[in-house]
Amino acid sequence: QVQLQQSGAELVKPGSSVKISCKASGYTFTSYDMHWIKQQPGNGLEWIGWIYPGNGNTKYNQKFNGKATLTADKSSSTAYMQLSSLTSEDSAVYFCARDTMGITPYYFDYWGQGVMVTVSS
Amino acid sequence: DIQMTQSPASLSASLGETVSIECLASEGISNDLAWYQQKSGKSPQLLIYAASRLQDGVPSRFSGSGSGTRYSLKISGMQPEDEADYFCQQSYKYLYTFGAGTKLELK
């Protein structure tokens with residue numbers, strides 16, 4: 001069965017960076033886009049970007065250019081998102097989610113459990 | 001960016017009641033719309049995609065409809081396990097955007 005297992009909660013200081021992971025299992029990791037989505041209480045869901053692990057291609061929401069960097073390690077079937085220059089606005093839960101692909105792409109059919117990132121001094 | 005306006009923001013339904021949630025896109029999205037359910041403390045779950053296609057494993061009391069800019073999610077017969085937040089999402093145009101969500105509670 002498809003599973004996306006994310007890393008644990010992070011408490012980080014303003015101005016620092018954090019790298020969170022999403023380990024995929026139960027499907028061919030290199031054949032599906034992996035998306036990253038931000039959720040803040042009261043602010044709904046915000047799409048950050050996707051990576052295609054097969055070739056490393058990425059696409060970002062312009063708002064997150066310079067903030068988020070997406071990478072993937074094919075050998076371990078793990079996707080990563082690094083967030084840099086953190087501020088309180090980056091405190092949120094971050095999800096990885098698999099793309100449905102095929103003839104109806106750009107929906108998210110499997111999600112990780114989410115990583116809570118708290119930015120505080 | 002395409003704005004997704006979801007309504008109502010919250011509603012309360014009795015057991016067995018039929019519930020509808022609506023999403024209005026700021027421009028036509030050609031049925032490229034999904035609905036997600038998010039229970040408290042959990043990840044979102046895909047219910048409906050391409051406006052009206054039921055995701056595998058989702059109960060048939062959930063249905064989606066609409067066209068152009070207006071779309072709706074219907075729950076035919078509210079169940080206790082349906083208490084959750086519901087979000088719409090457009091996949092028509094980069095960047096993919098979500099509605100603000102509807103909180104559905106059992107009366």
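Quick note on labels: first sequence line is chain A, next is B, and so on, each numbered from 1.
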Following the transitive rule for hydrophobic clusters with a side-chain heavy-atom cut-off under 4.5 Å over Ile, Leu, Val, Met, Phe, Trp and Tyr, establish whether Leu11(B) and Phe87(B) coincide in one cluster.
-> no
Between chain A and chain B, identify every pair of one donor and one acceptor N or O atom lying under 3.5 Å apart.
| from | atom 1 | to | atom 2 | distance (Å) |
| --- | --- | --- | --- | --- |
| Gln39(A) | OE1 | Gln38(B) | NE2 | 2.9 |
| Gln39(A) | NE2 | Gln38(B) | OE1 | 2.9 |
| Tyr60(A) | O | Tyr94(B) | OH | 2.3 |
| Tyr106(A) | O | Gln89(B) | NE2 | 2.9 |
| Tyr107(A) | OH | Leu33(B) | N | 3.2 |
| Tyr107(A) | OH | Ala50(B) | N | 3.2 |
| Tyr107(A) | OH | Ser91(B) | OG | 3.2 |
| Phe108(A) | N | Tyr36(B) | OH | 2.9 |
| Gly112(A) | O | Ser43(B) | OG | 2.5 |

CE (Met116(A)) with more than 12 external heavy atoms under 6.0 Å | no
Do Leu47(B) and Leu104(B) belong together in a cluster built from hydrophobic side chains that touch within less than 4.5 Å?
-> yes
Select one option (side chain, backbone, both, neither) describing which atoms of Ile103(A) are under 4.5 Å from chain B's heavy atoms.
-> side chain
Interface moiety of Phe95(A) toward chain B, non-hydrogen atoms closer than 4.5 Å = side chain
Got a sec, which pairs hit disulfide bond (SG atoms under 2.5 Å apart) with one end in residues 9-94 of chain B, sequence neighbours left out?
-> Cys23(B)-Cys88(B)
In the single-linkage hydrophobic clustering (I, L, V, M, F, W, Y; side-chain heavy atoms under 4.5 Å), do Val19(B) and Leu54(B) co-cluster?
-> yes
Shortest non-hydrogen contact between Leu46(B) and Phe108(A), atoms and distance | CB-O, 3.6 Å
Would Phe62(B) and Phe98(B) show up in the same hydrophobic cluster when neighbours are defined by side-chain heavy atoms closer than 4.5 Å?
-> no
Does Ile51(A) share a hydrophobic cluster with Met101(A), counting links as ILVMFWY side-chain heavy atoms below 4.5 Å and allowing steps through other members?
-> yes
